[in-house]
Number of protein chains: 2
Amino acid sequence: MDEETDLLNQKFEPMLEQIKVLFFEFGIKNLNMDDISHKLGISKKTLYRFVKSKEDLIARIFEYEQKRWVEVVRSISAQEVNAIEKLFKVSLMVYEEMKRFNPIILFELRKYYEPLFLEYQEKKMAHVALSMRLNLDNGTKEGLYRSDLNADAIIAIYMNYLVEIHNSDYCKGADLSFDELFKIMFEQHIRAISTAAGVAYFEARKNEITELLNKSRN
Amino acid sequence: MDEETDLLNQKFEPMLEQIKVLFFEFGIKNLNMDDISHKLGISKKTLYRFVKSKEDLIARIFEYEQKRWVEVVRSISAQEVNAIEKLFKVSLMVYEEMKRFNPIILFELRKYYEPLFLEYQEKKMAHVALSMRLNLDNGTKEGLYRSDLNADAIIAIYMNYLVEIHNSDYCKGADLSFDELFKIMFEQHIRAISTAAGVAYFEARKNEITELLNKSRN
DNA sequence: AATTTAACACACTGGAAACGTTTTTTGTGT
DNA sequence: ACACAAAAAACGTTTCCAGTGTGTTAAATT
């Protein structure tokens with residue numbers, strides 16, 4: 001019974017990716033279950049063999065996203081680079097992710113699937129926080145970050161950075177692009193938590209890192 | 001009777017602007033007439049004094065957009081700069097406009113309000129074409145554009161540039177940002193239609209123009 | 001070849017939500 | 001106290017859509 005379900009789930013995973021893309025393109029409410037099954041080239045009946053409701057479908061997508069995200073962070077953590085590099089890579093991905101997030105989708109999630117959405121956000125935040133804590137530890141061990149840091153506070157502040165970057169009117173006063181703002185925030189963070197060695201490393205790498213950001217923009 | 005209607009329309013115009021913003025933020029289908037009246041701080045009844053249906057409301061927004069757009073082009077045309085500068089300014093605005101256009105809104109317009117949308121697009125295209133023709137004439141008179149141009153063909157090609165810039169996969173092969181692509185296309189166009197004097201002018205101004213584009217990005 | 005399984009297309013239903021209208025309430029100016 | 005306009009609420013109608021059920025076809029299994 002359970003193995004059967006697992007097999008179904010495995011088969012269904014690539015479809016989840018497709019459906020996610022569809023949602024981003026057309027919106028959630030604009031796609032009914034008929035539309036979705038059509039776009040996938042399967043019958044609605046079959047679709048309902050994988051999910052038990054549309055809400056369940058959304059939940060599955062969140063679950064899938066969470067898994068995918070954990071995998072990404074894990075793979076970056078495994079790379080043979082120091083803490084600053086890792087933090088930058090992950091931060092950049094978070095930032096790119098948020099950029100893609102359309103306000104309409106956000107609205108729909110909050111209005112029609114609030115409990116699911118909150119749960120997802122909470123899990124994601126927890127995961128980011130955990131990853132950041134590991135990063136702080138590593139950075140400290142590597143002598144890049146200061147050893148007298150209040151980890152909880154720093155994590156909270158940095159996560160707030162990443163979230164608030166979009167909603168806020170930071171860019172209004174000074175006319176900054178989001179990318180500019182991101183660079184400044186990252187630099188702010190690194191300088192705030194780093195030892196002299198860390199700052200020196202950052203300054204040496206700064207230009208190349210900035211270039212990475214320009215590349216990622218399209 | 002007619003004067004009365006005109007008064008109503010005048011009062012309603014700022015609301016159209018607000019509603020447009022709401023649509024961009026929340027989507028069209030996600031906002032019912034109750035929501036809209038609430039957000040405007042008026043009653044649904046009052047809203048229905050201005051429009052006779054939701055479809056009518058969309059039509060009014062298109063109408064309003066068209067008017068606004070004509071006004072923008074008119075004001076740029078009135079400026080005391082040469083044809084190349086004017087073309088750049090208008091092109092930049094078209095480009096910015098398209099960038100803001102969310103794929104979900106596009107989908108909704110096509111699916112639920114196709115006739116209205118097509119009519120709007122047609123009018124807009126006609127207007128852009130007309131403006132470009134004037135620009136070509138002016139540029140030729142100013143000695144910046146060549147005098148042996150096939151206006152119709154050039155207009156068609158350039159308009160296609162602006163439209164296709166987003167849908168297409170131009171950026172896939174070379175990894176170009178949209179802004180980069182826009183710059184290249186504009187330069188391509190100017191060089192293609194200009195006299196030696198025109199090209200010289202463009203080359204002299206090129207850097208400043210590029211800077212403008214960077215400024216506009218946020 | 002017969003049977004089972006699985007997927008597809010399509011029709012149907014019940015309930016929820018939206019539209020557009022009408023009625024009631026609220027508030028303001030005279 | 002009255003008249004009036006706009007807001008709020010209520011209402012009937014219609015549309016939409018999630019979810020289910022039916023019949024058919026095609027492939028796999030026996």
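As the structure is a prediction and not an experimental result, all values here were calculated from the model. Naming: A, B, ... by sequence-line order, numbering from 1 per chain.
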Worksheet item: Which whole-number value in Å describes the distance from A:D34 CG to D:dT20 C1'?
Response: 12 Å
Discussion item. Side chain of A:K54 only, heavy atoms from C-beta on: which candidate in D:dA6, C:dC19, D:dG19 is closest?
Written reply: D:dG19
Worksheet item: D:dA18 C1' sits how many Å from A:I36 CD1, rounded?
Response: 11 Å
Listed pairs, N/O of protein and of nucleotides 23-25 of chain C, under 3.5 Å:
none

Worksheet item: Given atom CG of B:L47 and atom P of D:dA5, what is their separation to the nearest angstrom?
Response: 19 Å
Worksheet item: 5'-most contact on DNA chain C: B:L31 or A:K44, nearest heavy atom basis?
Response: A:K44
Fill in: Distance below 4.0 Å between B:R49 side-chain N/O and D:dA6 OP1 or OP2
yes
Fill in: Whole-Å gap separating P (C:dG20) and CD1 (B:I58)
11 Å
Fill in: Length of the CG-C1' vector between A:D35 and D:dG19, whole Å
15 Å
Residues 113-133 of chain B side chain polar contacts: donor-acceptor under 3.5 Å, at least two apart:
from	atom 1	to	atom 2	distance (Å)
B:E119	OE2	B:K123	NZ	3.4
B:S131	OG	B:H127	O	2.8
B:R133	NH2	B:D152	OD1	2.5

Worksheet item: Is the shortest distance from a Lys or Arg side-chain nitrogen in B:R68 or B:E71 to a carboxylate oxygen in the other one below 4.0 Å?
Response: no
Worksheet item: In terms of side-chain heavy atoms, does A:Y145 have a donor or acceptor partner in A:N138 at a distance below 3.5 Å?
Response: no
Practice prompt. Measure the distance from CG on A:N32 to C1' on D:dT15 and round it to the nearest whole Å.
Written response: 13 Å
Item to complete: Indicate whether the side chain of B:E17 and that of B:Y64 have a donor and an acceptor atom separated by less than 3.5 Å.
Response: yes
Practice prompt. Would you indicate, yes or no, if C:dC8 has its OP1 or OP2 atom less than 4.0 angstrom from a side-chain nitrogen or oxygen of A:T46?
Written response: yes
Discussion item. Any donor-acceptor pair under 3.5 Å linking the side-chain atoms of A:S37 with those of A:Y48?
Written reply: no
Worksheet item: Parallel under 30°, tilted from 30 to 60°, perpendicular over 60°: which one fits the rings of A:F182 and A:F88?
Response: tilted
Worksheet item: Nearest of C:dC8, D:dT20, C:dC19 to any side-chain atom of B:Y48?
Response: C:dC19
Worksheet entry | First of B:I42 and A:S53 reached from the 5' end of DNA chain D, by closest nucleotide | B:I42
Discussion item. On the side chain of A:K52, is there an atom forming a donor-acceptor pair with the base of D:dG19 - under 3.5 Å, no angle test?
Written reply: no
Worksheet item: How close or far is atom C1' of D:dA18 from atom CG of A:L57, stated in whole angstroms?
Response: 12 Å
Response to the item:
For A:L87 and A:Y158, the nearest pair of non-hydrogen atoms, with its separation, is CD1-CE2, 4.1 Å
Fill in: d(CD1, B:I28; C1', C:dA18) in whole Å
15 Å
